[in-house]
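Scroll down for the structure; my scribbles are underneath it.
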There are 2 protein chains.
Amino acid sequence: MNNIPENHPRAESLKMRATIETYRNMGLVANAGPIAHGRGEAFDYLLGEESIPCVKNDINVAAALLVNANKSVISVNGNTAVLAPESLVKLSNSIPAPIEVNVFYGRTNEREQKIANFLREHGATDVLGIKPSEKVPHLISARAQVDKNGIAAADVVLVSLEDGDRTRALLDWGKKVISIDLNPLSRTACDATINICDHVVRALPLLQKAVIELHANPGHSRALLHSFDKRKSRNQVLEYIEKRLQVLRSTIN
Amino acid sequence: MNNIPENHPRAESLKMRATIETYRNMGLVANAGPIAHGRGEAFDYLLGEESIPCVKNDINVAAALLVNANKSVISVNGNTAVLAPESLVKLSNSIPAPIEVNVFYGRTNEREQKIANFLREHGATDVLGIKPSEKVPHLISARAQVDKNGIAAADVVLVSLEDGDRTRALLDWGKKVISIDLNPLSRTACDATINICDHVVRALPLLQKAVIELHANPGHSRALLHSFDKRKSRNQVLEYIEKRLQVLRSTIN
């Protein structure tokens with residue numbers, strides 16, 4: 001998977017595969033990370049590997065939640081950290097909100113440290129989640145651990161590629177959860193306060209841009225939050241995929 | 001991912017993930033294998049993780065192609081070998097047709113041997129593809145290598161999770177290609193003589209059953225092959241997914 005030609009029609013996708021594989025070998029991405037990445041690839045394929053129009057409003061609403069939070073946190077796992085470190089740091093600075101390393105599979109302090117160091121190498125100054133001391137209520141095992149100055153204290157948490165049980169537990173704890181999940185039918189996407197059905201590498205820069213625009217025009221947040229209809233948001237995404245399949249069906253014959 | 005509870009609603013899927021991971025660590029599954037497996041998981045999720053009705057006919061037609069071949073071969077890669085060794089051996093015995101180890105990524109003789117030994121441990125007697133000496137015309141690199149007594153000599157080749165370029169090259173070589181590919185829009189699925197849009201672990205036993213039935217009723221093959229309409233077959237699969245998304249959209253709200 002090395003030496004990917006720049007003119008390959010799916011060069012970006014192949015490069016991301018190589019990145020996931022490289023950092024899996026270096027211990028930043030969990031053993032389960034490549035399979036999760038593959039699932040995302042398939043759903044992204046259905047979207048046409050682009051940020052679809054109806055998701056732009058969801059991103060604006062998510063930005064309004066982040067800007068209006070008392071305390072927001074960006075929760076990152078290995079896959080997200082290695083695929084979009086600069087975008088995570090820029091978003092963190094723009095909100096501003098700390099990044100919390102919060103991995104699901106293969107949680108060890110060594111892996112937390114590696115991910116945190118990787119983010120710091122890309123400019124992150126405020127990385128939480130190393131040796132976390134708090135626990136999400138009603139969740140068991142290492143996956144319940146969160147930082148007392150991060151997720152535990154936050155009212156709005158941005159997650160990506162998140163486990164369904166943990167999303168549910170964060171909501172039950174009273175947090176608002178913004179998820180970035182390419183599977184619009186996953187438990188996380190269905191349960192989250194708002195789901196952004198887009199690839200993290202595209203969604204994060206769009207989210208940062210929306211945050212900057214809201215800082216310049218703070219009065220716009222209220223209208224965005226007031227108008228958001230979660231059911232309508234999800235239905236628009238599913239209808240988009242249905243219509244795209246119809247178009248592909250008619251064109252590939 | 002160990003200790004998966006038997007009553008977990010998606011226990012089978014989680015066990016397959018663990019299998020892919022285990023055999024990746026043992027060198028049978030390529031580094032790219034888990035990502036490919038994840039893509040399959042996502043498409044299978046859209047099918048409802050079951051063999052959908054319209055695919056049953058495709059399986060019967062594929063069985064007719066195999067039974068009527070002058071020489072058919074079952075081409076296997078690491079993922080398929082470790083997920084369905086017994087089913088591969090049973091199908092191989094029922095047709096009868098040899099199994100050819102024919103991997104795409106990370107092709108080394110050591111890996112070919114490991115996969116062949118794994119299949120022999122599960123009862124395979126006729127495993128080809130070790131130190132293959134022939135090449136698929138117009139394909140470059142190690143991925144062109146095929147066995148002179150297997151794919152090179154065959155008129156019908158069964159492949160799963162196959163690369164699009166290689167499928168195209170096999171067709172250009174005059175072979176009929178039966179693919180098992182969960183992505184109905186992949187180049188392999190679109191180009192193959194017939195695609196079975198189903199998970200290998202479900203499709204292979206169904207295919208073996210269809211082969212046994214055709215051996216008992218050989219006159220049925222001609223009608224199956226005559227009636228097959230590739231465009232209709234693919235459209236039925238895509239329509240099924242579209243309708244399933246519509247149903248999910250109406251029920252999850």
Side-chain angles (χ1 to χ4, degrees), chain A residues 1 9-10 13-14 16-18 20-22 24-25 29-46 48 79 104-106 164 182-187 189-191 229-232 234-253, chain B residues 1 9-10 13-14 16-18 20-22 24-25 29-46 48 79 104-106 164 182-187 189-191 229-232 234-253:
Chain A
M1 288 203 286
R10 302 191 59 258
S13 178
L14 298 181
M16 276 196 272
R17 266 186 218 174
I20 289 287
E21 194 47 46
T22 299
R24 186 224 192 246
N25 291 334
V29 165
N31 289 345
I35 293 180
H37 182 74
R39 284 196 299 280
E41 273 190 6
F43 285 108
D44 203 23
Y45 189 91
L46 293 176
N79 283 32
F104 189 78
Y105 286 114
L182 279 160
N183 177 357
L185 300 167
S186 76
R187 286 190 299 154
C190 292
D191 286 346
D229 180 334
K230 183 174 157 179
R231 179 178 169 148
K232 186 178 162 198
R234 185 173 51 209
N235 280 358
Q236 283 180 330
V237 170
L238 291 171
E239 281 171 14
Y240 185 94
I241 296 173
E242 287 162 33
K243 284 195 184 134
R244 190 157 181 279
L245 284 173
Q246 284 167 19
V247 171
L248 286 168
R249 180 153 55 85
S250 64
T251 55
I252 61 177
N253 285 301
Chain B
M1 288 203 285
R10 301 193 59 259
S13 178
L14 298 180
M16 276 196 271
R17 265 186 220 175
I20 289 287
E21 194 47 47
T22 299
R24 186 223 191 247
N25 291 335
V29 165
N31 290 344
I35 292 180
H37 182 74
R39 285 198 298 282
E41 273 190 4
F43 285 109
D44 202 24
Y45 189 91
L46 292 177
N79 283 34
F104 190 78
Y105 286 113
L182 279 160
N183 178 359
L185 300 167
S186 76
R187 287 188 301 152
C190 292
D191 287 345
D229 179 336
K230 183 173 154 178
R231 178 177 168 149
K232 186 178 162 197
R234 186 174 48 212
N235 279 359
Q236 283 180 331
V237 170
L238 291 170
E239 282 171 15
Y240 185 93
I241 296 174
E242 287 164 33
K243 283 194 185 134
R244 189 156 182 280
L245 284 172
Q246 285 168 19
V247 170
L248 286 168
R249 180 154 55 85
S250 65
T251 54
I252 63 177
N253 283 301

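Side chains are part of it too, since the values below use all heavy atoms of this structure and drop only hydrogens, waters and symmetry mates. Throughout, protein chains are lettered first and strands after them, A, B, ... in sequence-line order, and every chain is numbered starting at 1. All values reported here derive from a predicted model rather than from experimental measurement.
- Contact check for R249(A) versus R234(B): no side-chain heavy atoms found under the 4.5 Å cut-off.
- In this structure the side chain of R24(A) reaches within 4.5 angstrom of the side chain of R24(B), judged on heavy atoms.
- For L182(A), no part lies near chain B; criterion is any non-hydrogen pair under 4.5 Å.
- L245(B) places a side-chain heavy atom less than 4.5 Å from the side chain of I241(A).
- Summarising the geometry of R39(B) relative to G38(A), their closest heavy-atom pair is CG-O, 3.1 Å, with the distance given to 0.1 Å.
- Remark: side-chain polar atoms of Y45(B) are paired, donor with acceptor, to backbone N or O of L185(A) under 3.5 angstrom.
- Of the listed residues (A36(B), G40(B), G33(B), A42(B)), the one with the most heavy-atom contacts under 4.5 Å to chain A is A42(B).
- Across I35(A) and R17(B), no two heavy atoms sit closer than the pair CD1-CG, 3.6 Å.
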